[in-house]
Amino acid sequence: MKSTRLNIAHEKSAHRPAKPALTPVQPAFQPEEAVNRLQAGLGRPADLLNLQQSYGNQAVNQLLARQPAARAASPTPAISSVPPSGMKIQRAFGWLKNLFGKSTPKTAPPSNKPDLPAKPTTPAPTPTTTAPTTTAPTTTTTPTTTAPTTTPTTTTAPATTTTPTAPSTPTTTTTPPTTSTTTPTTTPTTTPTTPPTTTTTATPTPTTTAPTPTTTTPTTTAPEKKKETLEEVRKRAGDAAVEWSAKRDGDSIAERVTALNNLENALKAQQAMEPKNKLVAKSLVQVATWKVQLEIIQRIHDKYGITIQNKAGVKAIKGQYTQVDATVLNSLEIREWTTPELTMVEQALSKYAGLLGPERAKKGLAPQGITTFSRLKQGIDKNARTGELDTTTCGETFTNAKNISMFDAGTNVSDFAKFKLFPTQKAKEKGFRGTIEHELSHALIEKLEVETAKKGLPAFTTTMNDFWTNASTAKYSSRSEARKKGAEAPITDYGATHAQEDLAEAMMFFFEDPKKLKSQCPKRFKFIEEKVAPHLETTPDASVIV
């Protein structure tokens, strides 16, 4: 309906305790002499400790354990038991192996210590005067007369807690193997006994801990972004401006937001390189304005189910004024919304919140009669071949297109001005918002069921029967004549042209100047208050109703 209304690493070693100072091995120590003394049963505690520190507990214990067997098997060693003169410590371990290792398996058990440590890591303890008493290490043996080989368990006392003494001959108890794997148990004793006549072979079983594989996840470092040149930044800003121009009136609000953010980022990058460029600074100010407007547009869409889209208005006009020359239709111009205008659209829609968006869906009403809002320079005066652009129409509702379009004339409505020829800015704002409220009446109230089996417009016409014969026929030629006859006339002259416009004008005053509507048109005020307002879930500002 046409209207004239309108976002330490630190080193672990730094916290380790200091290691104790190392006491070097006395140069006078000769490993071969220590071995000879131990063979002859004349060994000293220091000999055993020095050998343990130099070659490890496991190697020395094996030498001592194999000594009786080696002598029994070969009373006269194949090599001299006296080490060659000048033998270095690095060769001593090999000499010891040749001297006592005739019954040793080819594969030596693995050890966590290196074969030839360069330096001893533990200082030699002070020998005690206690009579030497030796607890022989536990040794698992396998009789040579049986085929199965059992897995021995060897226990070695730590070097730091054992007092070494002369070796004694252990008494060995051997458990014959069965069909299942059996671990023989050897019980050592401190009482020397005669060595058994059975030749045994000690087979140590090393305890090996499998290393835990460590998987290293490669760290991918993103390549450093190439720094843009000024020309590249300018091009990016230009492309972003083109994108925003194409998307700012599009169907998707999300795409509008993305396009505007891209433009803002590109302009900020250009400003950083050209701080004195006034055009860039001005463009950023405009972007800030668009962002505020886009926030309002987003709220309107989410809360009221209405999209602010100007091209929808052009399409709606062309769809309704089909007989107008194409040249005239193609001359329709789009106007950009101002921030105050969008604010007034949001305010007007809030008055009809009960019939819009999610609130309407809750009531189970028919699909919403208005889904787009547009801002154009002007409309068309009539649907005829001679139709022209119209500069007097304030706003228009296109029911088939579910669109309301606002025109330039709506920005100068004087209905709420004390002096109509010179309306104040506040009066103009009330007139622009009032025009939107007027058009919303056409889209939402006329077909709303306000009484049982009665829609808004028929119910209103029946109630105002002292002025209207039917929706399009008045009983009086003018408002003044109706008053003279005691009938209540519409609130404006435009309202007297049709019952639809009468209801729309009354709705506009109900929100913008309820005091005047109640005093001059009490029947119309009461109808809206009782029949319409409950559906809107809103009431006029009580402070202005006296």
ask   = Do NZ/NE/NH1/NH2 and the carboxylate oxygens of Lys455 and Glu446 come within less than 4.0 Å?
value = no
task = Answer yes or no: does atom NZ of Lys523 have more than 12 heavy-atom neighbours from other residues, nucleotides or ligands under 6.0 Å?
result = yes
query = Looking at Asp415 and Lys428, does any basic side-chain N land under 4.0 Å from a carboxylate oxygen?
reply = no
query = Less than 4.0 Å between a side-chain N and a carboxylate O, is that true for Glu359 and Lys362?
reply = yes
ask   = Got more than 12 heavy atoms from elsewhere within 6.0 Å of NZ, Lys485?
value = no
ask   = Does Lys484 NZ have over 12 foreign heavy atoms under 6.0 Å away?
value = no
task = Mind running side chain to side chain contact (heavy atoms under 4.5 Å, CB included) on Asn310 and Phe373 for me, showing each step along the way?
result = CA-CA 7 Å; Asn310 294 335; Phe373 251 81; over 6 Å; no
query = Does atom NZ of Lys526 have more than 12 heavy-atom neighbours from other groups under 6.0 Å away?
reply = no
Partner set under side-chain contact (heavy atoms from CB on, under 4.5 Å) for Leu230, not counting sequence neighbours = Arg234, Met273, Glu274
query = Can you name the side-chain hydrogen bond (donor to acceptor under 3.5 Å, both in side chains) partners of Ser472, sequence neighbours left out?
reply = Asn470
message = Main chain of Ala459, side chain of Glu451: is a donor-acceptor contact present, judged purely on distance under 3.5 Å?
response = no
message = I'd like to know if Lys235 pairs up with Glu231 as an ion pair, taking the criterion as any Lys NZ or Arg NE/NH1/NH2 lying under 4.0 Å from an Asp or Glu carboxylate oxygen.
response = no
message = Under the side chain to side chain donor-acceptor pair (under 3.5 Å) test against His442, which residue among Gln500, Lys447, Glu501 passes?
response = Glu501
